[in-house]
Protein chains: 2
Amino acid sequence: MGTTASRDSGQPRYLQIADDLAQQIRAGVLKPGEKVPSESELMTRYSVSQGTARKAVAELRPTGLIDTLHGKGSFVKSQPPVRRKSSDRFRRSHRRAGKAAYIAETEQAGKKPGVTVLYIGPVEAADEIAERLDVPAGTKVLARRRLYFSDGTPTEEATSYLPWDIAKDIPELFEENPGGGGIYARLEENGHVLKEFVETVRARLATKQETGALSLSPGSPVIHLTRSAETEAGRIVEVCDTIMAADQFVLDYRIPAGD
Amino acid sequence: MGTTASRDSGQPRYLQIADDLAQQIRAGVLKPGEKVPSESELMTRYSVSQGTARKAVAELRPTGLIDTLHGKGSFVKSQPPVRRKSSDRFRRSHRRAGKAAYIAETEQAGKKPGVTVLYIGPVEAADEIAERLDVPAGTKVLARRRLYFSDGTPTEEATSYLPWDIAKDIPELFEENPGGGGIYARLEENGHVLKEFVETVRARLATKQETGALSLSPGSPVIHLTRSAETEAGRIVEVCDTIMAADQFVLDYRIPAGD
DNA sequence: GAGTGGTCTAGACCACCCC
DNA sequence: GGGTGGTCTAGACCACTCG
């Protein structure tokens, strides 16, 4: 029978319980950071077995409402305000402003930004990267792999690849901090005037590797963004792969209607 | 013990089995359309209980590798080729070509396009829509809700909203087929010259409503695209909400680097 | 009816966290 | 240690599909 709100709606019991909990969270009865009733508590409260109680909270997890810590319990997630990534961030004027894009974005969201450099150095271009960079597969390219944080939690992992013949002459590209305006400013200073970026957006479920790196729950969706930077001379001088927790980001694009 | 490939890697048994199956699918041992071993078959093959066999195939489902039909079994999905949505599709020249965007896109992917109109008519603008259209909440607006198919399977649900004072003078907007170039062509013919579109991309897990409408498995990610169309006169003449199965689409955007 | 997936139970054991 | 989630079993019953 269950003590609370167990309208017998033909729904499986575990879904009823999951809905109950979801409603309590959305209604604010269970506030962010608070502990969700434990499995044994749910077992007695709804008089079900452990398996059913488990399925209920398992149902809740992929919705992003809760977070489960082995040995501690499940907790209501504090939904962090969504961060916006605008296509405007690539305007030359923004670049000249000096601040790297992610710092401005994060501070604007009222969060403390952070970056960890995971790797900067040469790698052999995998087939897909080579093709996008328009260099032969297996060629040496410069890779810059960073992990971005917001208030201490990782939100975004990005890897840039640059052709070695271009990168080798720009020492800042090998630094953890490439200086004001980021690597695009350095490229332009060195004669590679940018004409256009092409971004490609995909969404999919996180791989195990990604759930680890971004500390996501399994089954969480991610946004996979790939970008190519093309110069006035028609050369691709950088490609970038970015994985973002989908619930953390919104991407904005302005598209002129002309022609 | 298990009869097949049961490397004892500390991994839970159900994950080992899931990996086994996934590998067989990727290696082509199990081909698209073929039936995945049933639960009872897995029980004997790996000598586990039903619960464990279930968990194994449940693990496979959200990866998009299989599809489960109650009472029939699970089957290897045939991965439909990804469809591209390019920001170029809004160029005026493309509009004049006459074919509606989705038909061209779908045919290019070698699929048979299809549309069903779910609703065309007046609705009261919900708060969010009203804000985006820059009209008072509750105002009457024209809604156009369509479901798009590719080879008979629904892939995309889109709803356009237009201010009533603009829509009422353009009879084609009330037709199922608004004619060559779509509604944007009709708007421009009627003096609403478009300047710019702003698209906003989100990704998240499908709601139950969406899994139904797009016949997705629960836990599938979707791309939520919202678009606003602004005229030279600075007026928002349309906003559009689109839900797409994430595994079916890739979005492309070109971003000029200038200024 | 035989075969399939979907739900549920009762009880067991393990791994992790914290006092 | 006691509390928590994570895995697994054995057996039951139901709902759906197909011949």
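A, B, ... follow the sequence lines: proteins, then strands. Residue 1 opens every chain. Just so it is clear, the structure is predicted and the values come from calculations on it, not from any experiment.
Nearest heavy-atom pair, B:Lys85 versus B:Met244, reported as atom, atom and distance to 0.1 Å: CE-SD, 3.9 Å.
For B:Gln11 and D:dC8, the CD to P distance is 10 Å, given to the nearest whole Å. If you measure from atom CD of A:Glu41 to atom P of D:dG5, you get 9 Å, rounded to the nearest angstrom. We find that CG of B:Leu42 is positioned 16 Å from P of C:dG3, with the value rounded to whole Å.
Among the nucleotides D:dA10, C:dT9, C:dG5, the one closest to any side-chain atom of B:His70 is C:dG5. Looking at the side chain of B:Glu39, the nearest of the listed nucleotides D:dG5, C:dG5, D:dT4 is C:dG5. Set against D:dC8, C:dT4, C:dG6, the side chain of B:Tyr14 has D:dC8 as its closest nucleotide. Counting only heavy atoms from C-beta on, A:Lys35 has its side chain closest to D:dT4 among D:dG11, C:dT9, D:dT4. For A:Arg54, whose side chain is taken as the heavy atoms from C-beta onward, the closest listed nucleotide among D:dT7, C:dT4, C:dG6 is D:dT7.
In this structure, a donor-acceptor pair under 3.5 Å is absent between the side chains of A:Gln16 and A:Tyr46.
Taking 4.0 Å as the cut-off between side-chain N and carboxylate O, A:Glu59 and A:Lys55 do not count as a salt-bridged pair. At a threshold of 4.0 Å, the pair B:Asp241-B:Arg132 counts as salt-bridged, since one of the basic side-chain nitrogens sits closer than that to a carboxylate oxygen.
In terms of position on DNA chain C, the residue among A:Lys72 and A:Pro12 whose nearest nucleotide sits closer to the 5' end is A:Pro12. For B:Gly51 and B:Ser38, each mapped to the nucleotide of DNA chain C holding its nearest heavy atom, the one lying further toward the 5' end belongs to B:Ser38.
Residue contacts shown for A:Val57 are absent, as no nucleic acid heavy atom lies under 4.0 Å away.
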